[in-house]
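Structure, as structure tokens:
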Amino acid sequence: ELKESMSYDSLAHSDKSTVSEELYYYLPAGESTAVLTVENQTLELEGLRFEGYEPPEETEQGEPKETDASSIVIQAENPLRRSKPSVLEQIDRISAGTTPVCNNAATYNTLGGTSWQTLGESATWEFTVKTAGWYCLNLRCRQDYAAGAVSCRRLLIDGKVWSGETEELTIPYASGWQKVSVNGADGNPAWLYLEEGRHTVTLSCSLGELEPAVTLVQSSVEECNRIYRRIIMITGTNPDNYRDYHLAEKLPDVFESMKEQTERLEQVAAYLTSLSKDGGSDAAVFKKLIRQFGEFLKDPDKIPDQINTLNSNISAIGTWLLERTAQPLELDWLEFQPYGQDGTSYKAGLWADVKHSVSRIVRSYIESYDSLNAGTESGRSVDVWAVTGRDQAQIIQDMGNESFTAETGIGVNVKLIAADSIMAATVAGIGPDVTLFNTSATVIGYALRGAITDLSVLDGYEETAADFY
């Protein structure tokens, strides 16, 4: 059973920086004043909490020893808390190894995916250690969203950094589910001694080893765009290739900036090549602009002819920046594996896969994926047609079951339909009781045909409308 958080805790991060760590403030003794200014969205704030910061200490815990403890498996779809409500549970219908196995139309059994990819977004899970001992952390996860790239997570145990070697967890690209262990500097599993009792584990989106490169590129893109704007102020966006604009004489500072950005981008390309396992594919987008700036510095007369290419190369780096700052990851479970014990397998096995595949084929003939109805003992129900996606419709169905049906005993049957089918069904007399997410043009079409009811004349309208206006 999924638990919906009604409030969310979030650490302070800078929205002007790509640094993954939270912000720290020096507060003098005595009273201080904190001011929050809401710039673009409404905010309901329960409170601010300033906590003392203690730098992590590297402590020697000795050699790990075997224990008779059992593995501790935590289901990712049930976090204790998350930093944002947009970090959502997901449904994996395909894999038989995902727990719990999806045996119906909608079993939420994973967390994250593209809903958990923005820097600073975090999820925290609570677990209980029954036997003190040495444990390593394993994850069953899927990172097939960004081909050839990695996703990074910052790891905290009980709100603190485990160690400098294990603070950043890198999940490589793979075409399916994989099991990733937290390793030390030597590439072997890192072992942590956990006392008996309750503990927490937190994973937050970070850039990992890409952080220095992204920080440099962010400022470089701004300067490259400034260079482009300064040039087109003289040449325009469609320059005359046969005219001499004397750019070197008119814009000496621009050429000096080109030289500086070339050196900076060369550093970024070299750093990305050192991190890459595929020959430096990430660095290729930077080398194009480096080569072009080099040509401009040798022969400024080439600039008017290549002004559009310059704009495209700068845009390509901006696109790279957006793609690399997104860190999508889907998580099935977390496991604390005792030293000397075997960990949980992330694969289901051949027969389990066959059974699950056959079951999916059978269910595809007997289950309606367009209808999410929930029956009631009374047999009374309201038909709701929704012009939206399945995930949104499932949320509406769940809300109807938990609130409306529980209070009234009337079922809610949510169905997914195409927008152009509502009018035809209404004219034929087989339309729904309620339709949702209609466009304004559709509503006007209903009004012209007398197919709309004036809600203001119904009993209870004033009380209901008060919740919306």
Pair Gln90-Glu330, side-chain donor/acceptor within less than 3.5 Å: no

Expected output: side-chain Gln397 to main-chain Val414 donor-acceptor under 3.5 Å: yes

Student check: side-chain heavy atoms of Glu121 and Ser86 closer than 4.5 Å: yes

Heavy-atom neighbours of Asp253 CG exceed 12 at 6.0 Å: yes

Minimum side-chain heavy-atom gap Phe336-Val129 below 4.5 Å: no

Short side-chain donor-acceptor distance under 3.5 Å, Gln341 and Ser71: no

Trp177 side chain to Arg140 backbone, donor-acceptor under 3.5 Å: no

Short side-chain to backbone donor-acceptor contact, Ser220 and Leu216, under 3.5 Å: no

Candidates Arg154, Glu168, Glu211 - the one meeting side chain to side chain donor-acceptor pair (under 3.5 Å) with Ser206: Glu168

Verdict with supporting geometry, Leu289 and Cys224, side-chain contact (heavy atoms from CB on, under 4.5 Å): CA-CA 10 Å; Leu289 187 57; Cys224 289; 4.0 Å; yes

Spacing of Leu207 atom CG and Ser151 atom OG [to the nearest 0.5 Å]: 10.5 Å

Under-4.0 Å salt bridge between Lys298 and Glu295: no

Approximate separation, where rounding is to 0.5 Å, of Ile91 CD1 and Thr110 OG1: 8.5 Å

Closest non-hydrogen atom pair, Phe293 against Leu310: CE2-CD1, 3.7 Å

Trp333 versus Ser345, closest heavy-atom pair with distance: CZ2-O, 4.0 Å

Sidechain-backbone polar pair: Glu260 side chain, Arg264 backbone, donor-acceptor under 3.5 Å: no

Check: Val73 main-chain N/O paired with Glu335 side-chain donor or acceptor under 3.5 Å: no

Verdict with reasoning, Leu36 to Leu48, per side-chain contact (heavy atoms from CB on, under 4.5 Å): CA-CA 10 Å; Leu36 290 180; Leu48 292 174; 4.0 Å; yes

Heavy-atom donor-acceptor pair, Ser83 side chain to Ser122 backbone, under 3.5 Å: yes

Any side-chain donor near an acceptor of the partner, Asp144 and Ser175, under 3.5 Å: no

Approximate separation, where rounding is to 0.5 Å, of Leu329 CG and Leu139 CG: 7.5 Å

Beyond-backbone contact of Asn311 with Ile307, side-chain heavy atoms, under 4.5 angstrom: no

Side-chain touch Pro79/Thr124, heavy atoms, less than 4.5 angstrom: no

Distance (rounded to the nearest 0.5 Å) between Asn78 CG and Trp125 CH2: 11.0 Å

Atom CD of Glu209 with >12 non-hydrogen neighbours under 6.0 angstrom: no

From CA spacing to verdict: side chain to side chain donor-acceptor pair (under 3.5 Å), Glu223, Ser257: CA-CA 8 Å; Glu223 183 60 24; Ser257 181; 2.6 Å; yes

Aromatic plane relationship, Trp191 with Tyr339 - under 30° parallel, 30 to 60° tilted, over 60° perpendicular: perpendicular

Approximate separation, where rounding is to 0.5 Å, of Gln306 CD and Asn241 CG: 10.0 Å

Pro100 backbone acceptor or donor facing Asn109 side chain under 3.5 Å: yes

Step-by-step side-chain contact (heavy atoms from CB on, under 4.5 Å) determination, Leu210 to Tyr271: CA-CA 9 Å; Leu210 280 178; Tyr271 180 73; 5.5 Å; no

Stepwise side-chain contact (heavy atoms from CB on, under 4.5 Å) test for Ile231 and Ile303: CA-CA 9 Å; Ile231 293 174; Ile303 294 179; 3.8 Å; yes

Lys65 atom NZ, over 12 foreign heavy atoms within 6.0 Å: no

Note, Arg142 side chain near Asp92 side chain (heavy atom, < 4.5 Å): yes

Any donor-acceptor pair under 3.5 Å from Arg153 side chain to Gln327 backbone: yes

Polar side-chain atom of Gln178 near backbone of Ile171 as donor-acceptor pair, under 3.5 Å: no

Beyond-backbone contact of Val217 with Ile317, side-chain heavy atoms, under 4.5 angstrom: yes

Check: Lys179 side chain, Thr344 main-chain N or O, donor-acceptor pair, under 3.5 Å: yes

Over 12 non-hydrogen atoms of neighbours within 6.0 angstrom of NZ in Lys288: no

Non-hydrogen side-chain atoms of Ile157 and Thr200 separated by less than 4.5 Å: no

Spatial distance of atom NZ (Lys287) from atom CG (Asn313) [nearest 0.5 Å]: 14.5 Å

Member of Ile74, Leu155, Ile72 meeting the side-chain contact (heavy atoms from CB on, under 4.5 Å) criterion with Leu137: Leu155

